[in-house]
Participant: 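What follows is a structure written as structure tokens; I'll ask about it next.
Just so we're on the same page: letters track the sequence lines, and every chain starts at 1. Quick note: numbers below take in every heavy atom, side chains included, and nothing from hydrogens, waters or symmetry partners.
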Number of protein chains: 2
Amino acid sequence: MGLSIGQVAERTGLSVHALRFYEREGLLADPVRRESNGRRVYTEDDVDWLDMCIKFRSSGMPLDTIRKYTDLVRQGPGNEQDRLALLRSHQDYVSAQIQELNECLNVITHKVDIYTESLDEGTADCLWVAPGPTDTSAAS
Amino acid sequence: MGLSIGQVAERTGLSVHALRFYEREGLLADPVRRESNGRRVYTEDDVDWLDMCIKFRSSGMPLDTIRKYTDLVRQGPGNEQDRLALLRSHQDYVSAQIQELNECLNVITHKVDIYTESLDEGTADCLWVAPGPTDTSAAS
DNA sequence: CCGGCGCCTGGACCCACCTCTAGGTCGTGG
DNA sequence: CCACGACCTAGAGGTGGGTCCAGGCGCCGG
């Protein structure tokens with residue numbers, strides 16, 4: 001049931017270094033148990049928590065905010081509104097990000113299409129393309 | 001028709017510093033014209049190009065890659081396949097990002113829902129929630 | 001008994017991406 | 001005439017998020 005840091009690294013995809021780093025940074029609810037020799041022993045719950053942290057991170061939550069959330073959880077019941085607020089705020093952030101990325105994707109796809117067409121038709125000229133929908137102008 | 005760096009900053013949302021920085025980094029197709037006194041004069045096309053760079057950046061394209069793209073464009077016609085490859089690759093990258101963000105959003109939304117329910121029902125207990133769909137366990 | 005692995009710590013380092021500073025030039029308005 | 005604000009340059013500094021290294025321990029197989 002106890003996992004070594006190496007095993008956790010393998011499961012989570014985080015490096016051993018990063019795992020220690022995250023711990024130092026206070027991102028783990030409990031500071032990880034140790035064997036008598038000082039080696040870390042992780043539980044499955046630790047791994048679950050880390051997976052969540054990874055989701056947070058990969059959706060752009062700064063370590064600092066993860067730490068705040070962790071602190072709230074560590075404090076135990078009673079601050080659920082705070083946790084919820086934090087989560088909701090991140091939820092909004094992620095939604096906004098997705099929207100922005102979709103816009104970017106549109107622009108890029110538009111450009112890809114133009115290049116593709118031009119190449120298909122051999123008219124590899126006039127590839128100065130603006131991001132606008134009605135293109136008459138400059139710069140691509 | 002000519003815009004000062006300050007005006008461009010305002011339009012693009014980039015800082016004056018960032019605009020100079022981008023120029024130094026070779027992200028502008030042409031190295032920006034100058035007035036006799038050395039001040040930069042931007043055209044509308046420059047702004048369009050910058051807007052595109054911003055789209056690239058905000059979708060995670062590193063400056064380095066933007067520079068490569070810029071170089072290709074600067075070289076003129078003949079390398080459209082290369083440009084297209086670069087764009088397609090970024091397109092894939094952005095799509096992947098969107099997918100990942102959607103997964104993250106699901107997880108977060110799931111947690112938000114759980115907290116919301118619990119708070120609604122006053123059962124502000126047992127909020128140890130795992131990211132999995134069938135939650136029986138630990139850590140949130 | 002030795003080599004090698006996996007782990008430990010603290011701190012130095014790195015990278016991308018800006019941002020800010022110092023020190024200076026114009027040009028305009030009061 | 002002088003202050004002010006916008007601009008210029010080169011280069012230093014800062015931030016976030018790790019990565020890596022030196023130096024060391026404990027255990028295991030050969």
Participant: Could you tell me the separation between the NE2 atom of H17(A) and the C1' atom of dC8(C), rounded to a whole number of Å?
Facilitator: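 That distance rounds to 12 Å.
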Participant: Contact class for R20(B) vs. all strands (heavy atom < 4.0 Å): base, sugar-phosphate, or nothing?
Facilitator: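 The answer is base, as R20(B) lies within the cut-off (heavy atoms under 4.0 Å) of a base atom.
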Participant: Measure the distance from CD on Q7(B) to P on dG5(D) and round it to the nearest whole Å.
Facilitator: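 Going from CD in Q7(B) over to P in dG5(D) covers 18 Å.
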Participant: Give the rounded distance in Å between these two atoms: CG of L14(B) and P of dC20(C).
Facilitator: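 Going from CG in L14(B) over to P in dC20(C) covers 14 Å.
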Participant: Between P on dC20(C) and CG on L19(B), what's the gap in Å once rounded to a whole number?
Facilitator: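 Checked: the CG to P distance equals 14 Å.
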Participant: Classify the ring geometry between Y69(B) and W49(B) as parallel (under 30°), tilted (30 to 60°) or perpendicular (over 60°).
Facilitator: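 Rings of Y69(B) and W49(B): parallel, under 30°.
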Participant: Taking for each residue the nucleotide of DNA chain C with the nearest heavy atom, is it S15(B) or V16(A) whose nucleotide lies nearer the 5' end?
Facilitator: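 Between the two, 5'-proximity favours V16(A).
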Participant: Give me the residues of residues 34-43 of chain B where at least one heavy atom lies under 4.0 Å from an atom of DNA chain D, by number, or none.
Facilitator: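 Listed by number, they are R34(B), G38(B), R39(B), R40(B).
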Participant: Test: salt bridge (Lys or Arg N to Asp or Glu O under 4.0 Å). Region: residues 88-102 of chain B. Which pairs qualify, not counting sequence neighbours?
Facilitator: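 Not a single pair qualifies under salt bridge (Lys or Arg N to Asp or Glu O under 4.0 Å).
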Participant: Mind calculating the distance between CD1 (I5(B)) and C1' (dC8(D)) to the nearest angstrom?
Facilitator: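 That distance rounds to 9 Å.
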Participant: Quick one: which of dG11(C), dG18(D), dC17(C) gets closest to the side chain of F21(B)?
Facilitator: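 Out of dG11(C), dG18(D), dC17(C), the nucleotide with an atom closest to F21(B)'s side chain is dC17(C).
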Participant: Quick check: is V16(B) connected to V41(B) through a chain of hydrophobic side chains (ILVMFWY, heavy atoms under 4.5 Å apart)?
Facilitator: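 No, V41(B) does not connect to V16(B) through the hydrophobic network.
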Participant: To the nearest 0.5 Å, tell me how far T70(B) OG1 sits from M52(B) CE.
Facilitator: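 Atom-to-atom, T70(B):OG1 and M52(B):CE are 6.0 Å apart.
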Participant: So, taking the atom named CD in Q99(B) and the one named CG in L101(A), what distance separates them when rounded to the nearest 0.5 Å?
Facilitator: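 The distance works out to 12.5 Å.
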Participant: Under 4.0 Å between a side-chain N/O of R24(B) and OP1 or OP2 of dT9(D), yes or no?
Facilitator: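 Answer no for this pair, as no side-chain N or O of R24(B) is under 4.0 Å from OP1 or OP2.
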Participant: Would you mind telling me which residue lines up with the more 5' stretch of DNA chain D, M61(A) or G6(B), judged by nearest nucleotide?
Facilitator: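 In this pair, the answer is G6(B).
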Participant: What is the distance, to the nearest angstrom, from the CD atom on E23(B) to the C1' atom on dC17(C)?
Facilitator: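 Spelled out: CD on E23(B) to C1' on dC17(C) is 17 Å.
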Participant: Would you call R74(A) and D71(A) a salt bridge, using N to O less than 4.0 angstrom?
Facilitator: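 Salt bridge present between R74(A) and D71(A).
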Participant: If you check every side-chain atom of L63(A), which of dC20(D), dC8(C), dG17(D) has the closest atom?
Facilitator: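 So the side chain of L63(A) is nearest to dG17(D).
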Participant: Could you state the atom-to-atom distance from CZ of R67(B) to C1' of dC18(C) in whole Å?
Facilitator: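 Taking atom C1' of dC18(C) as the reference, CZ of R67(B) is at 14 Å.
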Participant: For the pair made of CG in D64(A) and C1' in dG14(D), what is the distance, rounded to whole Å?
Facilitator: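 Going from CG in D64(A) over to C1' in dG14(D) covers 16 Å.
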Participant: By nearest atom, which of the nucleotides dT19(C), dC18(C), dG17(D) is closest to the Y22(B) side chain?
Facilitator: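 Nucleotide nearest to Y22(B)'s side chain: dC18(C).
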Participant: Does dC7(D) have OP1 or OP2 under 4.0 Å away from a side-chain N or O of S4(B)?
Facilitator: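 Yes, because at least one side-chain N or O of S4(B) sits under 4.0 Å from OP1 or OP2 of dC7(D).
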Participant: Which side-chain N or O atoms in residues 24-38 of chain A pair as donor and acceptor under 3.5 Å with protein atoms at least two apart or in another chain?
Facilitator:
{"residue": "E25(A)", "atom": "OE1", "partner": "R67(A)", "partner atom": "NH1", "Å": "3.3"}
{"residue": "R34(A)", "atom": "NH1", "partner": "G38(A)", "partner atom": "O", "Å": "2.9"}
{"residue": "R34(A)", "atom": "NH2", "partner": "E23(A)", "partner atom": "OE2", "Å": "3.4"}
{"residue": "E35(A)", "atom": "OE1", "partner": "N37(A)", "partner atom": "ND2", "Å": "3.2"}
{"residue": "N37(A)", "atom": "OD1", "partner": "R39(A)", "partner atom": "N", "Å": "3.0"}

